[in-house]
Amino acid sequence: MSAAAFPPKKDVAADVASEQQVHRIRITLTSRNVKNIEKVCADLKKGALDKKLHVSGPVRLPTKRLRITTRKAPSGEGTNTWDRFEMRIHKRLIDLHAPSEVVKQITSISIEPGVEVDVTINDR
């Protein structure tokens with residue numbers, strides 16, 4: 001048998017090391033303002049696509065509506081009039097497949113006021 005009949009061996013250790021560096025990363029964005037959260041989502045996705053990463057999202061989760069109904073009159077006398085207050089909380093998910101160093105570069109963008117960012121790293 002000649003050595004040319006067999007393909008060259010791959011460096012298995014290098015493949016395992018490169019696989020360990022790539023993580024599944026979930027970025028959760030929460031805000032009360034839709035325009036701000038959509039702008040941050042667009043900036044994150046654009047930055048990830050510029051780095052040629054696998055991106056899925058933004059996934060728009062159902063809006064939470066926090067409601068409070070209270071009487072207008074402080075003493076309880078008079079006409080029964082009510083105030084209805086509502087705060088809406090919007091949530092978006094973005095999933096990335098990237099090394100953690102690249103995610104630090106992507107998330108270093110300017111984040112709009114009122115937008116909370118939560119980054120979770122899952123290993124494969």
Side-chain angles (χ1 to χ4, degrees):
M1 294 219 163
S2 68
F6 296 107
K9 291 184 179 182
K10 291 183 180 178
D11 188 8
V12 177
D15 287 344
V16 171
S18 66
E19 285 293 323
Q20 289 177 352
Q21 291 179 356
V22 176
H23 302 288
R24 289 186 306 170
I25 296 159
R26 174 163 285 178
I27 301 173
T28 307
L29 303 166
T30 308
S31 176
R32 292 185 288 154
N33 190 339
V34 178
K35 287 184 182 179
N36 288 353
I37 197 169
E38 288 295 332
K39 183 179 183 309
V40 173
C41 283
D43 291 345
L44 283 173
K45 188 162 183 173
K46 182 177 178 254
L49 291 176
D50 288 345
K51 302 246 184 225
K52 298 190 181 355
L53 299 176
H54 179 265
V55 182
S56 62
V59 177
R60 290 162 180 84
L61 297 178
T63 303
K64 291 183 181 176
R65 296 171 139 190
L66 306 178
R67 295 180 180 171
I68 294 177
T69 304
T70 182
R71 287 280 305 267
K72 283 186 180 180
S75 63
E77 293 188 20
T79 310
N80 291 341
T81 53
W82 299 85
D83 270 331
R84 290 179 292 274
F85 298 102
E86 181 176 280
M87 183 170 62
R88 296 180 181 191
I89 299 176
H90 307 277
K91 201 169 188 181
R92 306 286 188 263
L93 291 179
I94 298 176
D95 288 331
L96 302 172
H97 294 281
S100 56
E101 301 87 32
V102 175
V103 174
K104 288 179 186 175
Q105 295 171 0
I106 293 170
T107 56
S108 65
I109 63 167
S110 63
I111 296 173
E112 296 290 317
V115 178
E116 295 180 23
V117 179
D118 182 34
V119 179
T120 307
I121 298 176
N122 296 330
D123 290 327
R124 291 185 178 203

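Residues: numbered from 1 along the sequence shown.
Without hydrogens or angle criteria, Thr79 side chain to Thr81 main chain gives no donor-acceptor distance under 3.5 Å. A distance-only check finds no donor-acceptor pair linking the side chain of Thr70 to the backbone of Asp83 [under 3.5 Å]. A donor-acceptor pair is defined here as one N or O able to donate and one able to accept, closer than 3.5 Å; such a pair exists between the side chain of Asn36 and the backbone of Pro113.
Val59 and Val55 fall into different hydrophobic clusters, where Ile, Leu, Val, Met, Phe, Trp and Tyr residues are linked whenever their side-chain heavy atoms come under 4.5 Å apart, directly or through other members. Linking Ile, Leu, Val, Met, Phe, Trp and Tyr whenever their side-chain heavy atoms come within less than 4.5 Å puts Leu49 and Val119 in one cluster. Val40 and Leu61 end up in different hydrophobic clusters when Ile, Leu, Val, Met, Phe, Trp and Tyr side chains are linked at under 4.5 Å.
When side chains are defined from C-beta on, Glu112 does not count as touching Glu38, because their heavy atoms never get closer than 4.5 Å. At least one side-chain heavy atom of Ile94 sits less than 4.5 Å from a side-chain heavy atom of Leu29. Using a 4.5 Å heavy-atom threshold, the side chains of Arg26 and Leu93 count as touching.
Between Arg71 and Gly76 the shortest heavy-atom distance is NH2-O, 3.4 Å. Of all heavy-atom pairs between Ile37 and Val115, the closest is N-CG2, 4.0 Å. What you find for Trp82 and Asn80 is that their closest heavy atoms are CD1-O, 3.7 Å. Nearest heavy atoms, Thr28 versus Lys91: CG2-CE, 3.5 Å. The two residues Leu53 and Ala98 make their nearest non-hydrogen contact at CD1-CB, 3.6 Å. Heavy-atom minimum distance, Pro58 versus Arg92: CB-CB, 4.4 Å.
Here Ser31 contributes atom OG and Lys39 contributes atom NZ; the two are 13.0 Å apart, rounded to the nearest 0.5 Å. A distance of 7.5 Å separates NE2 of His23 from CD of Glu101, quoted to the nearest 0.5 Å. Going from atom CG of Leu96 over to atom NZ of Lys51 covers 12.0 Å, rounded to the nearest 0.5 Å. Expressed to the nearest 0.5 Å, how far CG of Asp50 lies from CD1 of Ile106 amounts to 9.0 Å.
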Show your working on salt bridge (charged side-chain N to carboxylate O under 4.0 Å, His left out) between Arg88 and Glu86 and close with a plain yes or no. CA-CA 6 Å; Arg88 296 180 181 191; Glu86 181 176 280; 2.7 Å; yes
Kindly determine whether Ile89 and Leu66 satisfy side-chain contact (heavy atoms from CB on, under 4.5 Å), including the steps that lead there. CA-CA 8 Å; Ile89 299 176; Leu66 306 178; 3.7 Å; yes
